[in-house]
Amino acid sequence: MASSLTATYPWTKVPLISCAPMRLIANATLAAAVSIAGGLGFIGAGSDISTLSSELFQARDILTKANISTNTGVLPIGVGFLIWGAPLADTLAVLRKPENIPAAVWLFAPRNPNQLKDWTEGVREATSNKTKIWIQVTSVREALEAVKLASPDVLVVQGTDAGGHGAAQGAGITSLIPETIDAVTEHCKSSSSAPLPFFVAAGGISEGRGAAAALCLGAQGVCLGTRYLAANEATIASGYRDAVLRASDGGTTTIRSSVYDQLRGTTEWPAGYGGRGVLNASYRDHEAGVTFEDNKKLYDEAVASGDKGWEGDRARLTTYAGTGIGLVKTIMSAEAITQEVRDNALKVLSSVSVSKL
Ligand SMILES: Cc1cc2nc3c(=O)[nH]c(=O)nc-3n(C[C@H](O)[C@H](O)[C@H](O)COP(=O)(O)O)c2cc1C
């Protein structure tokens with residue numbers, strides 16, 4: 001492993017800004033744009049790899065035109081998998097092709113911890129160790145488990161403010177990152193076979209101040225999901241994106257719950273996870289005791305109404321997003337978002353002065 005996280009990915013700039021592998025939303029165009037801006041973009045394959053080859057083909061085309069040098073012959077992007085559902089053997093068959101080898105593979109949400117070991121060993125073998133392994137964890141316990149079983153190159157430490165799926169019960173990054181770093185460092189010191197991974201912070205970081213704070217907590221890079229929902233290159237319905245832009249005060253206007261999964265029919269998630277999204281009529285009706293059947297009927301009607309299903313007081317459609325939603329105010333290119341977050345994080349870090357405190 002290189003001496004720093006950005007040295008691992010030679011086209012990236014300090015500090016490393018990455019875009020979360022949001023299933024259906026973070027496709028080739030978004031992932032490539034983030035990497036072209038000196039970050040690391042992830043394609044969100046999720047649990048379904050039916051379009052993976054074509055997404056990689058498209059990403060390769062965009063990245064080749066941008067002429068990014070990776071030194072090691074890998075594609076300068078990552079791919080994220082939800083390993084409770086993604087098929088390992090078929091995935092390895094795609095990643096094994098020399099033209100498809102990504103710089104990073106992101107693993108999240110195993111059905112049982114041993115899947116982390118199987119996936120890590122499989123990817124490392126298929127890509128001759130060229131692909132670095134990122135594992136997203138939601139607690140100190142999961143971090144230690146991941147390090148012991150899979151020795152990842154990077155641990156993405158996801159706090160409870162994160163949009164989309166995460167631990168139903170969890171902590172924010174302010175306490176989670178330092179405690180995780182301490183516990184993992186202690187373990188790696190006492191075990192000669194366990195190299196210390198890099199740490200990336202995720203959850204509630206929408207702009208430079210949050211990114212700077214995460215770096216102060218000890219992370220070497222940051223990952224943003226919610227902010228990139230408002231990127232030009234995100235594959236997202238305009239009603240969804242407008243709902244993100246309208247929302248503020250995310251601690252009160254978003255909620256982590258399994259209600260949206262039930263209504264959408266995405267119920268294969270392992271126990272212990274919930275999806276954070278904008279709190280709307282679907283959740284309020286569920287809490288008020290409306291039966292699942294009635295709520296589902298209203299949900300399906302909202303789906304049929306298209307973008308209107310995200311509008312007004314009776315908006316019902318799933319709008320996965322994190323508590324940092326109030327800091328997402330305008331649609332920008334992924335390149336501009338990546339640069340802005342990176343530049344502002346550096347500005348904040350250099351402007352903190354003890355004399356002003
Ligand atoms: C719309 C949306 C979809 C997501 N989908 C995935 C996914 O498919 N796989 C995954 O590992 N994480 C997914 N996440 C979670 C991200 O990996 C990440 O932890 C989160 O976006 C970070 O918090 P933030 O949204 O506050 O930036 C998703 C997040 C969002 C907002």
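Counting starts at 1 for both ligands and their atoms, in listed order.
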Protein heavy atom at shortest distance from atom 5 (N) of ligand 1: M22 CA, 3.4 Å

How far is atom 31 (C) of ligand 1 from the closest protein heavy atom, and which atom is that? G163 C, 3.6 Å

If you count the atoms of ligand 1 from 1 in the order shown, which ones are under 4.0 Å from a heavy atom of R23? 5 (N), 7 (C), 8 (O)

Is atom CZ of F292 surrounded by more than 12 heavy atoms (other residues, nucleotides or ligands) closer than 6.0 Å? yes

Ligand-side contact atoms (ligand 1) for residue partner F108, heavy atom cut-off under 4.0 Å: 10 (C), 11 (O)

Does any N or O atom in Y320 lie less than 3.5 angstrom from one in ligand 1, N or O only? no

Per-residue contact class, A20 against ligand 1 - non-hydrogen pairs under 4.0 Å: side chain

Minimum-distance protein heavy atom relative to atom 22 (C) of ligand 1: G203 N, 3.6 Å

Decide whether the shortest distance between a heavy atom of Y240 and an atom of ligand 1 is less than 4.0 Å. yes

Can you sort out which atoms of ligand 1 are near Q136, meaning under 4.0 Å from one of its heavy atoms? 11 (O), 12 (N), 17 (O), 18 (C), 19 (O)

Given I177, V154, L40, the one that forms side-chain contact (heavy atoms from CB on, under 4.5 Å) with V200: V154

Identify which one of I337, V341, V34 satisfies the side-chain contact (heavy atoms from CB on, under 4.5 Å) criterion when paired with I17. V341

Please check if atom CD in E340 has more than 12 non-hydrogen atoms from other residues, nucleotides or ligands closer than 6.0 Å. yes

When the ring centroid of H165 is compared with that of Y320, is the distance short of 6.0 Å? yes

Could a heavy atom of G44 be found less than 4.0 Å from some atom of ligand 1? no

Nearest non-hydrogen protein atom to atom 27 (O) of ligand 1, with distance, is G225 N, 2.8 Å

In the single-linkage hydrophobic clustering (I, L, V, M, F, W, Y; side-chain heavy atoms under 4.5 Å), do W119 and V156 co-cluster? yes

So which bit of L82 gets within less than 4.0 Å of ligand 1, heavy atoms only: side chain, backbone, both or neither? side chain

Pair Y9 and W11, ring centroids less than 6.0 Å apart: yes

For G204, counting its heavy atoms only, list the atoms of ligand 1 lying under 4.0 Å from any of them. 23 (O), 24 (P), 26 (O)

Atoms in ligand 1 flagged as close to I25, the criterion being non-hydrogen separation under 4.0 Å: 1 (C)

Ligand-residue contact atoms, ligand 1 with L224, heavy atoms, under 4.0 Å: 27 (O)

Checking side-chain hydrogen bond (donor to acceptor under 3.5 Å, both in side chains) against T318, which of Y240, Y283, Y299 comes through? Y299

Could you tell me whether F81 and F42 have their ring centroids closer than 6.0 angstrom? no

For W106, is the nearest heavy atom under 4.0 Å from an atom of ligand 1? yes

Please compare C19, P21, G164 and report which has the shortest non-hydrogen distance to atom 6 (C) of ligand 1. P21

Stepwise salt bridge (charged side-chain N to carboxylate O under 4.0 Å, His left out) test for D285 and R316: CA-CA 10 Å; D285 284 353; R316 313 195 74 86; 2.6 Å; yes

Starting from atom 25 (O) of ligand 1, what is the nearest protein heavy atom, named by residue and atom, and what distance separates them? T226 OG1, 2.6 Å

Take D153 and R124 through the salt bridge (charged side-chain N to carboxylate O under 4.0 Å, His left out) test and state the conclusion after the steps. CA-CA 11 Å; D153 301 287; R124 285 186 170 146; 3.1 Å; yes

Heavy-atom gap G46 to ligand 1 smaller than 4.0 Å: no

Would you say G80 contacts ligand 1, with heavy atoms under 4.0 Å as the rule? no

Can you tell me how far apart CG (L346) and OG (S351) are? Round to the nearest 0.5 Å. 11.0 Å

